[in-house]
Amino acid sequence: QEHRPLRYYYFAHLLWGMAVRLTHGALTIETAYVLMAVFARVLALYLIFMVARSLFSVRAAGIAAVAYTVVGGFDWLPD
């Protein structure tokens with residue numbers, strides 16, 4: 001059997017598989033992928049909001065959050 005190096009995405013496969021196993025199959029692998037992708041984007045949005053709020057104001061942070069979501073073409077939605 002040939003040994004190939006692990007690539008970066010194997011960690012993500014581990015997370016998706018773990019979510020499926022922990023729910024005893026209630027989640028499909030596709031659902032786990034979507035949930036984790038959305039969760040990562042929500043965390044990024046929160047980070048942008050918090051940094052903008054600490055540097056500027058709450059209003060500016062709201063504008064930055066909207067800009068991150070809309071200007072990116074809603075890339076936070078998984079394919």
Side-chain angles (χ1 to χ4, degrees):
Q1 182 177 14
E2 179 182 342
H3 293 284
R4 292 182 286 173
L6 294 176
R7 302 284 185 228
Y8 68 94
Y9 51 82
Y10 282 100
F11 181 71
H13 291 179
L14 176 67
L15 289 176
W16 303 328
M18 187 172 54
V20 172
R21 291 289 300 256
L22 287 175
T23 60
H24 300 288
L27 284 178
T28 63
I29 196 75
E30 293 85 6
T31 306
Y33 167 75
V34 169
L35 287 176
M36 289 190 190
V38 170
F39 181 69
R41 293 300 179 153
V42 167
L43 285 180
L45 178 65
Y46 181 70
L47 177 66
I48 288 171
F49 180 83
M50 295 303 289
V51 168
R53 189 180 78 172
S54 69
L55 293 176
F56 304 108
S57 66
V58 174
R59 183 171 185 267
I63 292 170
V66 169
Y68 171 74
T69 303
V70 175
V71 173
F74 289 96
D75 283 342
W76 55 275
L77 292 173
D79 293 336

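Pairing each heavy atom of T31 with each of L27, the nearest pair is CG2-CD2, 3.5 Å. Minimum heavy-atom separation, F49 to G62: CE1-N, 3.8 Å. Residues L45 and A65 come closest through the heavy atom pair CD1-O, 3.4 Å. Residues A19 and M36 approach most closely at CB-CE, 3.6 Å, considering heavy atoms.
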Steps toward side chain to side chain contact (heavy atoms under 4.5 Å, CB included) verdict (V42, V38): CA-CA 6 Å; V42 167; V38 170; 4.2 Å; yes
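Residues L43 and F39 form a side-chain contact, since some pair of their non-hydrogen atoms from C-beta on lies under 4.5 Å apart.
Both M18 and I29 belong to a common hydrophobic cluster when Ile, Leu, Val, Met, Phe, Trp and Tyr are linked at side-chain heavy-atom distances under 4.5 angstrom. Transitive grouping of hydrophobic side chains (ILVMFWY, heavy atoms separated by less than 4.5 Å) keeps Y68 and Y46 in distinct clusters. Taken together through direct or relayed side-chain contacts under 4.5 Å among Ile, Leu, Val, Met, Phe, Trp and Tyr, I63 and M50 form parts of separate hydrophobic clusters. Note: the hydrophobic cluster containing F56 also contains L47 (ILVMFWY, side chain heavy atoms under 4.5 Å, direct or indirect links).
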